[in-house]
Amino acid sequence: MSKTYNIAVLKGDGIGPEVTEAAVNVLQAVQDTSDLRLNFLYGEAGFHCIEHYGTNLPEETVALLKRTDACLKGPMTTPETPGAPVSAAVKIRKMFNLYANVRPCRTYPNVEALKPDTDLVVVRENTEGMYSGIEYEVAPGEAVALRIITKKASLLVAEHAFKLAEKRRKHLTYVHKANILRVTDGIFNDAVKEAAKNHPDVTVDDIHIDAAAMHLIKKPETFDVIVTTNLFGDVISDEAAQVTGSLGLAAGANIGDTYGMFEPVHGSAPKYTGMNRVNPTATIMAAQMMLDYLGEKTAATKIENAVMQVLSEGKVRTQDIGGSSTTSEMSEAIASKVKAL
Ligand code: NAD
């Protein structure tokens with residue numbers, strides 16, 4: 001029986017519109033070859049909205065998101081001046097309590113990687129930590145930022161990571177800096193140990209963030225699922241993406257109990273705007289994760305297989321992975337494979 005989903009599409013800034021359209025093109029190919037129906041609802045969000053709406057996440061967009069089953073989000077430029085609107089992605093994550101940011105990093109065929117055979121997932125707490133956005137100047141030239149860690153949010157993300165580890169190689173590593181951040185990482189670590197009791201088949205170990213950053217380069221193949229707090233997870237997932245090839249390949253899911261938002265790990269790369277040269281695979285793989293989240297496993301596997309085949313053949317490759325193909329050529333090659341599978 002055919003199923004219809006309402007999908008919010010936020011194209012974002014910089015290269016966002018190009019990579020988002022490339023992913024929608026592949027989703028159209030899935031629709032053309034199955035009875036799955038996706039109703040794309042386009043919304044405005046990002047830096048380009050601020051001048052017109054006074055915010056990067058207009059009310060109309062919030063209302064639109066609430067009417068949808070999931071969101072495909074392009075990267076957005078985040079202003080860095082104090083007092084500027086908080087990142088739209090951070091707002092959406094908090095609004096829908098999307099507590100788990102799931103970022104798979106693995107090597108791909110024909111893509112040069114620092115180490116072959118890497119296949120790991122970083123699960124990052126997504127709603128608090130150093131990204132709480134609470135910082136203020138206590139005196140001229142002296143400021144504090146609050147790193148909020150709660151047992152509730154830590155348990156939610158730990159539970160999500162354990163469930164993922166159970167479906168994979170049953171190995172979970174929690175990354176922290178409890179030798180320095182004793183209270184906050186103490187709460188996080190206790191939550192992971194508590195969640196571990198529900199998953200006795202998963203092997204658990206832990207490592208300090210500085211050592212984890214080193215091991216990700218030296219022996220990334222030793223990791224399966226990594227769970228960590230917000231800032232540590234953001235940094236090491238970018239690092240892991242580069243270890244496995246390119247930021248242009250890394251996708252991320254933001255998952256809560258009732259909603260999911262899917263996006264590339266990379267940002268809006270403003271210098272490449274409109275050049276039709278960046279890699280759309282990260283956003284295409286974000287769309288793949290979205291279908292998986294919606295329970296459309298066959299369609300999700302189709303996209304994954306199409307990406308793998310295009311990369312294996314090596315005929316169509318964007319510049320970041322050693323080729324000269326354009327964003328739209330890469331998208332079209334993957335869409336054609338989807339139709340052929
Ligand atoms: P970035 O990820 O946008 O770009 C860094 C570099 O990575 C680029 O110069 C490019 O060489 C490479 N790259 C990124 N995406 C690529 C792709 N699809 N294909 C090939 N190469 C690619 O990081 P940045 O320059 O630090 O950030 C730019 C803006 O994006 C900032 O405003 C930042 O706040 C924002 N940002 C947004 C998100 C998000 O919306 N989730 C995430 C990260 C950064």
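Each ligand, and each atom within it, is numbered from 1 in the order the structure gives. These figures come from a predicted structure and were not determined experimentally.
Proximity of I149 to S154: side-chain heavy atoms (C-beta onward) are separated by under 4.5 Å at one or more points.
With sequence neighbours left out, the side-chain contact (heavy atoms from CB on, under 4.5 Å) criterion links E221 to K115, K219.
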Donor-acceptor contacts, no H, no angles, side chain residues 139-147, under 3.5 Å, sequence neighbours left out:
{"from": "R147", "atom 1": "NH1", "to": "T184", "atom 2": "OG1", "distance (Å)": "2.8"}
{"from": "R147", "atom 1": "NH1", "to": "D185", "atom 2": "OD1", "distance (Å)": "3.3"}
{"from": "R147", "atom 1": "NH2", "to": "D185", "atom 2": "OD1", "distance (Å)": "3.2"}
{"from": "R147", "atom 1": "NH2", "to": "T229", "atom 2": "OG1", "distance (Å)": "3.1"}

Show me the side-chain donor-acceptor pairs of residues 68-76 shorter than 3.5 Å, one per line, residues at least two apart or across chains.
{"from": "T68", "atom 1": "OG1", "to": "L65", "atom 2": "O", "distance (Å)": "2.7"}
{"from": "T68", "atom 1": "OG1", "to": "Y259", "atom 2": "OH", "distance (Å)": "2.7"}
{"from": "D69", "atom 1": "OD2", "to": "N6", "atom 2": "N", "distance (Å)": "2.8"}
{"from": "K73", "atom 1": "NZ", "to": "E263", "atom 2": "OE1", "distance (Å)": "2.7"}

Contact table ligand 1 N or O to protein N or O, d under 3.5 Å:
{"from": "ligand 1", "atom 1": "2 (O)", "to": "G267", "atom 2": "N", "distance (Å)": "2.7"}
{"from": "ligand 1", "atom 1": "3 (O)", "to": "G267", "atom 2": "N", "distance (Å)": "3.4"}
{"from": "ligand 1", "atom 1": "3 (O)", "to": "G267", "atom 2": "O", "distance (Å)": "3.4"}
{"from": "ligand 1", "atom 1": "3 (O)", "to": "S268", "atom 2": "N", "distance (Å)": "3.2"}
{"from": "ligand 1", "atom 1": "3 (O)", "to": "A269", "atom 2": "N", "distance (Å)": "2.8"}
{"from": "ligand 1", "atom 1": "15 (N)", "to": "H266", "atom 2": "ND1", "distance (Å)": "3.4"}
{"from": "ligand 1", "atom 1": "18 (N)", "to": "H266", "atom 2": "NE2", "distance (Å)": "3.2"}
{"from": "ligand 1", "atom 1": "18 (N)", "to": "N279", "atom 2": "O", "distance (Å)": "3.0"}
{"from": "ligand 1", "atom 1": "19 (N)", "to": "N279", "atom 2": "N", "distance (Å)": "3.0"}
{"from": "ligand 1", "atom 1": "30 (O)", "to": "S268", "atom 2": "N", "distance (Å)": "3.0"}
{"from": "ligand 1", "atom 1": "30 (O)", "to": "S268", "atom 2": "OG", "distance (Å)": "3.3"}
{"from": "ligand 1", "atom 1": "32 (O)", "to": "T78", "atom 2": "N", "distance (Å)": "3.0"}
{"from": "ligand 1", "atom 1": "34 (O)", "to": "T78", "atom 2": "OG1", "distance (Å)": "3.2"}
{"from": "ligand 1", "atom 1": "40 (O)", "to": "K73", "atom 2": "NZ", "distance (Å)": "3.0"}
{"from": "ligand 1", "atom 1": "40 (O)", "to": "M76", "atom 2": "N", "distance (Å)": "2.9"}
{"from": "ligand 1", "atom 1": "41 (N)", "to": "E263", "atom 2": "OE1", "distance (Å)": "3.2"}

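The pair K3-E296 does not meet the salt-bridge criterion, since no charged nitrogen lies less than 4.0 angstrom from a carboxylate oxygen. Between D224 and K170, no side-chain nitrogen of the basic residue sits less than 4.0 Å from a carboxylate oxygen of the acidic one, so the salt-bridge criterion is not met.
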